[in-house]
Amino acid sequence: MRPRQLLRHHLFWPIAALVLLLVLNTVSNPSFLEIRLQNGQLYGSLVDILRNGAPTLLIAVGMTLVIATRGIDLSVGAVAAIAGAVACTWIASGGSAATAVLLALGACVLLGLWNGFLVSVLGIQPIIATLVLMTAGRGAAMLVTEGQIITVDDPLYHQIGAGFLVLPIAVLVSLGVLVGVALLTRGTALGMLVESVGVNPRASLLAGVRSRTIIWTVYVFAGLCAGVAGLMISSNVNAADANNAGLWIEMDAILAVVIGGTSLAGGRYSLAGTLVGALVIQTLTTTVYSIGVAPNAALVFKAVVVIAVCLLQSPRTSQVFGVRRKAGPRPSRSEEVTAA
Amino acid sequence: MTDSSARAAPAVDMRGITVEFPGVRALSEVDFRLLPGEVHALMGENGAGKSTLIKALTGVHRPTSGVILLHGEQVGFGTPVQAQDAGISTVYQEVNLCPNLSVAENILLGREPRRLGAIDARACRARAAELLQRIGLSIDPASTLDSHPIAVQQLVAIARALAVDARVLVLDEPTSSLDAGEVAELFRIMRVLRDDGVAILFVSHFLDQVYEIADRMTVLRNGSLVGEYLPTETGRLELVSAMLGRENTVLEEVGRRSQERAPASVPVLTARNLGRGGAIAPFDLEIHAGEVVGLAGLLGSGRTELARLLFGADRADTGGLSTGGRPFRPRSARSMIARGVAFCSEDRKAEGLVADLSVRDNLLLALQAARGWARPVPRRTADALVAEYIGKLDIRPADPGALTKNLSGGNQQKVLLARWLITRPKLLILDEPTRGIDVGAKAQIQQVVADLAADGTAVLFVSAELEEVVRVSDRVVVLRDRHKVSELDGADATVDRVMASIAAAHGEHGRAVAS
Amino acid sequence: MSVMDVRSRQVRVPRRFLPVAATFAVFVLTFGAGSLRYEGFASPQVLTNLFVDNAFLIVLAVGMTFVILTGGIDLSVGAVAALSTMIAAATLEAGWPPLVSVAAVLLTGTCLGLLMGLVIHHFEVQPFIVTLAGMFLARGLCFLISVESVSITDPAFRAAATGTLTPVEGVTLTYSVLIALAVVLVAAHVLHRTRFGRTVYAVGGSEASARLMGLPTGRVKVGVYAVSGFCSALGGLLFSLYMLSGYGLHAVGMELDVIAAVVVGGTLLSGGVGYVAGSVAGVLVLGTVQTLISFEGTLSSWWTRIVVGVLLLVFVVFQRAVVRRAR
């Protein structure tokens, strides 16, 4: 009974994938698990994975809440690019790092408000509503940077993406947000209300839930997360590249959420799952690089792992939740199997 | 009529049908026979095994054991398609057609006449028109399905069933969303088909309808066969006790509303000239504490619309509300909840349940929403409330962690009711709270309504069943054609009077379904 | 305007056609605006070039229309197109006969689509995720074949690419345009005159109902992804004719353009409503915008993205209004 329960846990396969990847790495490079303390800072492959994965994790946290409300935000990559563009352009024109950050995050909140407006007020399907900004957003970022790659040299700004407080600051920020969101949503009733809106928006509205406000808020929060992630990315390289900063990061974030067991159909979500999902994706990327496969061909491995994890989760999902989508008088797959 | 058909060979003969699911025996050794040229009603509470039996017949479920003979030949269907091909067509309670396609496309979907491999559009139109003609439905075959009301869509589904020359027609609760005129139309078509020799299996919760249309009745209880009855020889009480398997005491008890209830002087909610274009004409209404106000009228008379306006679920064009003498305009559901008004929608699935969440979360949802996300209900209070209401309303399974989607219809309805009771509303608006649920749960819900009123809560009770409205309510408001036409008090509120009020000047009432 | 009037009189259910008519109207308007503003814009050749430059996009949009009509989505089309250019280039370089090479490309694309369809249907993984993985897979495979761009030197291929037709004086077409138009015609026939097509609409309208009606929903759901895979491969072939090279970074982000074109063409992402003709109109609108911006000369290329985003927004809000009024 015990092992079966373990197998049925929604994080079993993602964690198994993560462990497998770590083992692979350790076998090919015995010093993989080593962590050194040097000048009060931690170094090592594991720390690198965390640091490189910090922006994805942060965006995935915002994405988790959006997906829990039955939405999706495709624009986060473009928003991240805009954040970097705004901040770097401001610094390059002589502004201070602090105001640059505030300006960039302010812009991202506005963009989040815009997405939220389209979805919650106009009632447009989230996938198209955010596709608008995904398409136009990079153009807007180019507009800000006038098509140039803006480089900056501001030590304070550089701290966001590359600074250390024992651990990289970016990692601390991302984990801090993750824990903060977990405490906030599970400690209060916010999580339950978000899930309720995701499962049945109309019923929630009639039960007195402020569905519109909740949906609007999660898009703003996703925008904010994307903004901070964009700052991390641009500050790490001291530059704003409107075309390539945060390219495909929305897809990585969505994958992280889905691998973590949160369904794209909305409803119940798992922040712990999102953390594991983000780690799986980043570890995979790192692994492929360190094995020496061409960076672009690494995509093949990503595809394989994603499909493998989703497939492994799937039969079980359809056993446990199978009745939901097949509410009609058709037997769920499990019934067919057992009846046969 | 029954005598002659009883001698014919059965169209369907199911013998010793047992269906088992993991851990559950849904049907055990049920015998059922359906004769050509008869309407055979299948009766039973929810969970009696009606749908399982139908699904075993239509190839959705494969029986664990037992034999199905179709016109004397043994059959075994693996899929609904095979059953359809063998001449068994099913029309489900919720219209199972494609709203985005035209009427003709829906009727012929999957069996379009073809020429040279391509669909022959002209032949399609002709065939669809012919089938609509056969059931006497005069609508444009090229119009999109969702431009028609549900009742017409249901008839289109029957036309589709005829397209296969079905010799067996299964109607699974087809009448639950139809009004009286539409039911009459459906029955007319059923009689035509019956006289053509079609064997019709009919499921309905409405005793009146069953007695009107059925030639024979089969009653199931807890997955077993209770017996086969003839409507001409079986009284209602006998039938109901066969379905319930116990003496029918609950219904009788709730029956008499407490006469001595003295309405409080100040109304809980007053509507003045409240109305919304196309939904309900402006009306006045007062609801007092401790009073059950019934809302009667045919489907489409504005019952649901009136209830929704009072709750602010839809925005009013004219007029306003007042509570405790203070007037205001209803803005949103939230603002009404803040004033102590609660509303259970008729559409349980779409507007009530949060199916993927637990019973506990569903019970606490309204209370929590009123408190706001930042002030969660303390754990101990929440546990106590949940346990109290699961017990009070006899919600089964009594497991707060169970997902509501796995509950039966009656228990889901109780969860919704309890969700509002927890917030201790001053006025509870119940739109069709007993529709589509079994007799036992129905009686329990009616009892809850009576208890609430006794405790001083005002209740607005909407139901399509006149007898129920009259039995439960102190006062009945009658609607016709989206107008409030009368209010019947106390002794005046009898089924006959309400019916007369609904039927008055019915000739002007232009809601006939077909030509 | 006249377009709309004619349509609403001819057609039995005008509301269904309203979005498509609107797209055509926008196309006429933008093209008309260009003609007024720029000399030489209104020439038949500029119009023809819209087809020449966007032939591959039209083919991809046709495949995407099938998928979106069932309520699904296919994010892999750009990557599969890129993979097709790569396979074509690599096999030609290896000396395969052009026809065999073309067959290999089409087979690969169809199989990839089929595979994704099977996973989506049988394992009930969301299409978004499966086709996203498909996109990663196809792009990755490109780089496994070659990291560099591979140019196509096969004479037959080059002849097909550079060959032109002059049906009318002053108008030159490429073979790609003919192929794209043929694909559109076949797709329209399949959608409206076959049971497969009807089932595509039925699945998009209500999958549960379609299943109860005994329609082969599973086969159709898998089938549309195979169709989309085939169209992506064919679109990729046309793209390789256009670029005369195979490269893993070809057609990056093209899936977004394709989805935008389909949505602008009036197909609802929720499924069940839309027409191939609409998607063609959507491609033409996007193409006109691009042409306008290149005629302007002073505007930078990123304005294209912004304008496409704005167009998308306008159409989505418009559709939303139509749907709301209908309810």
Side-chain angles (χ1 to χ4, degrees), chain A residues 65 68-70 181 183-215 217-218 262-263 265-269 317 319-340, chain B residues 19-22 51 54-55 58 60-64 79-80 90 92 94 96 172 308 311 313 332-338 342-345 347-358 360-362 364-377 403 405-406 416 419-420 423:
Chain A
L65 293 184
T69 64
R70 216 186 244 194
V181 170
L183 289 179
L184 184 71
T185 57
R186 296 307 184 191
T188 68
L190 192 58
M192 191 254 261
L193 295 180
V194 162
E195 287 181 339
S196 155
V197 168
V199 176
N200 191 339
R202 264 166 83 197
S204 305
L205 192 71
L206 286 178
V209 179
R210 294 178 194 269
S211 306
R212 186 176 283 185
T213 317
I214 287 181
I215 292 176
T217 311
V218 295
T262 302
S263 161
R268 306 188 142 207
Y269 65 89
T317 332
Q319 264 177 24
V320 180
F321 301 109
V323 197
R324 175 184 0 165
R325 252 158 296 154
K326 287 170 281 184
R330 176 198 175 210
S332 71
R333 194 147 287 159
S334 56
E335 280 171 13
E336 279 171 357
V337 170
T338 33
Chain B
V19 177
E20 282 173 348
F21 299 126
S51 12
I54 289 178
K55 285 173 181 171
T58 55
V60 179
H61 295 323
R62 210 179 253 280
T64 318
T79 64
T90 315
Y92 297 95
E94 284 144 31
N96 277 289
D172 189 1
R308 293 180 71 89
F311 185 62
S332 64
R334 255 190 89 76
S335 71
M336 294 308 294
I337 293 169
F343 171 71
C344 281
S345 167
D347 195 342
R348 204 158 54 217
K349 228 192 260 172
E351 296 196 327
L353 289 180
V354 185
D356 265 349
L357 293 190
S358 63
R360 179 195 161 93
D361 284 349
N362 269 282
L364 294 172
L365 186 62
L367 181 63
Q368 188 58 65
R371 292 169 66 101
W373 63 268
R375 288 171 52 227
V377 182
L403 296 186
K405 66 180 173 194
N406 295 336
L416 290 185
R419 174 193 289 172
W420 289 115
T423 66

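Letters A, B, ... mirror the listed sequences (proteins, then strands); counts begin at 1.
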Query - Pairs of heavy atoms under 4.5 Å with chain A: top-ranked of B:Ala338, B:Ser332, B:Ala350, B:Ala313 - result: B:Ala350

Requested in this report: Answer with side chain, backbone, both or neither: which region of A:Leu193 has an atom nearer than 4.5 Å to a non-hydrogen atom of chain B?
Outcome: side chain

Query - Part of A:Ile214 lying under 4.5 Å from any heavy atom of chain B - result: neither

Report task. Decide, yes or no, whether a salt bridge links A:Arg268 with B:Asp356 under the criterion of side-chain N to carboxylate O below 4.0 Å. Result -> no

Query raised in the report: A:Arg202: what forms a salt bridge (Lys or Arg N to Asp or Glu O under 4.0 Å) with it, not counting sequence neighbours?
Result: B:Glu351

Report task. For B:Phe311, check ring-ring contact (aromatic ring centres under 6.0 Å, His included) against everything at least two apart and list the hits. Result -> B:Phe343

Report task. Could you tell me which portion of B:Ala333 (side chain, backbone, both or neither) has an atom closer than 4.5 angstrom to a non-hydrogen atom of chain A? Result -> side chain

Query raised in the report: What part of B:Leu367 gets closer than 4.5 Å to chain A, counting heavy atoms only: side chain, backbone, both or neither?
Result: neither

Requested in this report: Sort B:Ile337 into side chain, backbone, both or neither according to what part of it lies under 4.5 angstrom from a heavy atom of chain A.
Outcome: side chain

Report task. Give a yes or no on this: more than 12 heavy atoms of other residues, nucleotides or ligands lie within 6.0 Å of atom CZ of B:Arg371. Result -> yes

Query - side chain to side chain contact (heavy atoms under 4.5 Å, CB included) partner of B:Arg419, chosen from B:Asn362, B:Asp361, B:Leu364 - result: B:Asn362

